[in-house]
Structure formats: structure tokens, C-alpha cells
Amino acid sequence: MPAYAVIGAQWGDEGKGKIIDFLAENAAVIARYSGGNNAGHTVINDAGTFKLHLVPSGICWPHVMNVIGNGVVVDPDVLLKEISENKLDPSRLAVSDRAHLIMPYHVALDRLEEQRRGSSAIGTTGRGVGPAYVDKVSRLGLRVGELLDPEDLSLRLPDIVAFKNEIITKIYGGEPIELDSVFELTMRWATELAAFIRPVEDLIAEVLESDGNVIIEGAQGALLDLDHGTYPYVTSSNPTVGGSLTGLGMGPNSYGGVAGVYKAYCTRVGAGPFPTEIEGELGDRIREMAGEFGVTTGRARRIGWFDGVAGRYAARVNGFDGMIITRLDTLDGWEEIKVCVAYEIDGVRTDQFPVDAVMLSRAKPVYETIPGWTESTRAITRASQLNSGAKAYIERLEDLVGVQAKIISTGPRREETLVLTDLIPK
Ligand code: IMP
């Protein structure tokens with residue numbers, strides 16, 4: 001059976017967790033391939049409300065194997081907490097031996113570097129994600145599998161910790177990290193995580209060769225992608241679909257579909273250009289009404305109108321063949337809704353998304369105003385229940401993005417979902 005990718009199409013927080021939990025009923029494996037515990041995925045179903053940072057959003061289905069791929073950076077303390085809170089065992093969760101570890105010095109360096117940048121800070125989540133990826137590329141990283149070889153670890157750690165302490169103390173003026181405590185930490189992690197560590201490429205290949213569906217769970221979003229996002233205001237990995245090939249060790253012909261998750265409006269956390277941002281009282285009102293606060297950091301999310309230019313760009317760099325629209329119900333009752341159909345940059349109208357953050361910050365959105373609707377879309381599950389205003393809005397988004405809408409989320413709960421076309425053929 002093929003793999004289906006579900007990818008964030010904006011700046012993260014599009015509601016991927018809810019969608020993955022919904023789709024996981026028909027999956028054998030849910031696999032994460034990028035990012036770390038900078039992510040925050042919320043799942044709400046009959047079993048309760050789950051706020052997940054690292055474990056995939058398939059954990060509420062007992063038949064699902066949840067996989068953390070090699071492209072993810074893992075803070076074992078966060079992972080162990082989620083394992084214990086959700087009573088996961090190795091029959092339901094596997095962590096790639098090649099995933100890189102987020103070490104205490106990565107967390108320290110993330111925060112120190114943000115302080116150093118001052119007013120040009122990225123607004124990271126402060127979880128050590130960026131510095132862990134830096135070490136991966138520098139060939140100084142430690143991989144999850146190395147926890148199983150304490151002798152080798154005891155040989156490598158002193159040099160790495162000494163080098164990191166030079167940077168922490170001499171460049172940033174921070175407090176050094178104690179080698180002994182780091183080593184003890186890794187020994188505890190090794191004991192508690194050992195049973196979950198395995199080469200997940202084989203596991204995924206076996207499922208694909210047999211009858212199971214693999215659903216690939218994106219974290220963050222296309223516009224935060226290290227290569228395709230609004231650099232430098234991006235995360236340090238590739239949330240776009242390309243990241244899932246390397247982040248899980250799969251070939252492109254395994255994919256049966258790639259769907260993009262779009263919120264019916266836009267949000268962004270952290271710094272960086274956001275052309276359709278709604279500042280002031282209206283933005284505050286929407287934030288409060290929609291509860292737009294980060295799952296990981298609790299930070300207020302910036303609010304904006306749907307950006308068709310950025311949306312089309314995200315569809316192109318991911319090759320989306322389906323659109324999943326979330327939080328449609330949040331727009332219920334609005335008199336009119338704005339949608340950005342083009343930008344004006346230095347007096348010139350364009351429908352091209354400038355990846356350059358400086359140029360993007362000069363982009364003035366060209367809006368189209370769409371009439372709102374008074375009827376509620378909350379919890380509707382059939383296309384026939386969709387009022388004409390909401391339908392017209394969805395059609396306009398499809399038109400702008402250039403991709404067919406397949407699923408509409410009409411509330412936070414699993415069952416508050418309207419399937420227009422099956423994403424995974426039955
Ligand atoms: P980092 O990934 O913690 O390094 O943060 C880099 C940028 O990505 C910051 O603007 C964060 O706010 C943003 N970011 C990282 N993860 C998420 C997420 O899951 N949702 C929304 N924004 C995120």
C-alpha cells in the first residue's frame with residue numbers, strides 16, 4: 001500500500017494533529033519525519049484531549065504503530081514523559097536509531113543565541129531544535145542509537161561537552177554544562193528508551209510491502225521550511241514533503257498522495273514577515289475567540305487573512321494533490337472575509353511568492369472581499385450541510401491554491417470532520 005503525506009501548508013499550527021488522528025483509523029503506521037518538540041499537536045476525541053510534542057498523533061488508535069523518523073531531533077526527557085503519560089510501549093512506538101538527540105547544551109545555546117540576536121531574534125521555541133540540527137550538519141551530533149553504546153558515548157562526550165562549554169562561556173557568557181550530569185542523563189535515557197529504538201526504515205518498508213497504509217505526519221509548515229520558507233525566519237528542518245523522503249528513508253514512488261493542511265485563515269508564531277497579518281483590535285478579537293495560543297510555548301499567535309499567494313506557493317513546492325481546510329467554523333457569522341489574491345511589491349502587482357524575507361516584508365496584500373455566512377458549519381459532516389457562503393469560500397480557496405479540497409475540519413474533535421473526497425482510497 002502507498003504512503004500518504006499530510007503536510008502543513010502555512011506557518012505551522014494548521015491543525016495537522018486533529019487530521020492525523022482522524023485519518024489514523026485507516027493507517028498501520030503514522031510517521032513523523034522532521035522537527036522536534038518545537039511542534040505542538042492537539043488531538044481531541046472520546047478518550048480526552050492530548051497535547052503532543054514529539055510522539056506522532058496516531059497514539060489514540062491501538063492498532064497504529066507510531067514512528068519517529070531519523071529526520072526528527074529527539075529530546076528524550078520530553079519523549080519519555082509522553083511515553084509515560086500515554087502509556088505507550090514498543091509495540092506502538094518506535095524511534096529511529098539515527099534520529100539526533102537534543103542535549104542540554106542545545107537548549108542552552110538556543111536561548112543564548114536568541115538573546116544575542118536581540119531585536120532580530122527568530123522567536124524560536126527555545127527547545128534546542130536549531131542547535132541540534134547545527135550539530136547534525138557539523139558532524140558533532142549524537143544519535144539516539146549511540147545511547148546503546150555507553151562506552152563509545154563516554155569517549156565522545158567529554159570532547160563535545162568541552163567544546164560546547166567553550167562556546168557557552170566564552171562567546172555567550174553563559175553557565176557551563178556539567179559533563180558528569182550529561183553522562184548520567186544519557187545513561188538514564190539509554191535504560192528507559194532502549195526498547196523503543198530501532199531502524200525504522202525496515203519497519204516502514206515492510207508495512208508498505210504488505211497491506212498497511214503509512215501516513216506521514218508533517219510538523220511545522222511549508223513557510224517555515226529551512227529551504228522554501230521565509231528564511232531566516234524559519235525552523236531548522238524541512239517540513240515540506242522532500243524532508244519526509246530523507247527523514248524516514250523512503251523512495252518517492254511509495255507516495256500515494258500529498259495533502260496540504262491549510263487553516264481557513266492564517267496564523268504565525270515568532271518573528272518574520274506575514275503579509276496578511278491583522279493587527280490591532282480585530283486580530284486580538286479573533287485570537288481570543290479562536291484560542292490562537294501556541295501549544296508548545298503558550299505564545300499568542302499572530303493572526304492574518306488567508307494568503308492565496310503563499311498558499312499556491314506551498315502547493316507547488318510540495319506537489320499537493322489535495323487540500324485539507326481546517327477551522328472553517330471559526331469564520332461562521334462573519335459579515336465579510338478577506339482573502340489575499342496577489343501582492344503589490346514596490347508598486348508592482350505579482351502573484352509570485354517572494355521567498356526573500358526582506359522583499360516579502362514589503363509585500364502589500366491585494367485583497368478580495370468575500371461575503372460571509374450566518375449559518376453554522378460547526379460539526380457538520382456531510383457536503384449537503386455546507387451552506388452556500390461557506391461553499392463559495394472553499395471554492396475560492398481551491399481556485400487560488402490550485403488544488404481540490406478533500407477534507408474540511410469543522411471543529412476540534414475527531415468526528416467534526418467533513419470528507420468531500422477520500423484522501424486514502426477505501
Ligand atoms: P524553532 O523551530 O524552535 O527553531 O523556531 C523557529 C521558528 O519556527 C519560530 O518562529 C517558531 O515560532 C516557529 N515554529 C517552530 N515550531 C513551530 C510549530 O510547531 N508551530 C508554529 N511555529 C513553529
- Message: So, using ring pair (Phe, Tyr, Trp, His ring centres under 6.0 Å) as the criterion, who are the partners of Trp373 when residues are at least two apart?
- Response: Tyr393
- Message: According to ring pair (Phe, Tyr, Trp, His ring centres under 6.0 Å), who are the partners of Phe274, at least two apart in sequence or on a separate chain?
- Response: Trp11
Given 3.5 Å as the limit, does a donor-acceptor pair link the side chain of [X] with the main chain of [Y], or not?
{"X": "Thr230", "Y": "Pro273", "value": "no"}
{"X": "Asn37", "Y": "His53", "value": "no"}
{"X": "Asp307", "Y": "Cys340", "value": "no"}

List the residues meeting salt bridge (Lys or Arg N to Asp or Glu O under 4.0 Å) with [X], not counting sequence neighbours, and say none if there are none.
{"X": "Arg396", "value": "Glu368, Asp399"}
{"X": "Arg362", "value": "Asp346"}
{"X": "Glu277", "value": "Arg302"}
{"X": "Glu288", "value": "none"}

- Message: Taking the basic N atoms (NZ, or NE/NH1/NH2) and the acidic carboxylate oxygens, is any pair closer than 4.0 Å for Asp89 and Arg92?
- Response: no
- Asp332 bridged to Arg378 by N-O distance under 4.0 Å: no
Taking the side chain as every heavy atom from C-beta outward, state whether [X] and [Y] have any pair of such atoms under 4.5 Å apart.
{"X": "Arg285", "Y": "Leu282", "answer": "yes"}
{"X": "Phe50", "Y": "Asn45", "answer": "yes"}
{"X": "Leu101", "Y": "Leu147", "answer": "yes"}
{"X": "Lys18", "Y": "Thr42", "answer": "no"}

- Task: Kindly assign one of parallel, tilted or perpendicular to the pair Phe306 and Tyr262, based on the angle between their ring planes and the thresholds 30° and 60°.
- Result: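 If you compare the ring of Phe306 with that of Tyr262, the planes turn out tilted.
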Inter- and intrachain pairs under salt bridge (Lys or Arg N to Asp or Glu O under 4.0 Å), touching [range], at least two apart:
{"range": "residues 31-54", "answer": "Asp46-Arg413"}
{"range": "residues 125-145", "answer": "Asp135-Lys164"}
{"range": "residues 99-113", "answer": "Glu113-Arg116, Glu113-Arg117"}
{"range": "residues 201-226", "answer": "Arg98-Glu201"}

- With Thr369, which residues qualify under side-chain contact (heavy atoms from CB on, under 4.5 Å), at least two apart?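 Residues passing side-chain contact (heavy atoms from CB on, under 4.5 Å) with Thr369: Glu336, Lys338.
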- May I have the step-by-step check of side-chain contact (heavy atoms from CB on, under 4.5 Å) for Leu79 and Leu93, ending in yes or no? CA-CA 11 Å; Leu79 183 57; Leu93 178 74; 4.2 Å; yes
Report, one line per pair, each donor and acceptor closer than 3.5 Å where one atom sits in a side chain of residues 349-356; sequence neighbours left out.
residue, atom, partner, partner atom, Å
Thr350, OG1, Gln352, N, 3.0
Asp356, OD2, Val358, N, 3.3
Asp356, OD2, Met359, N, 2.9

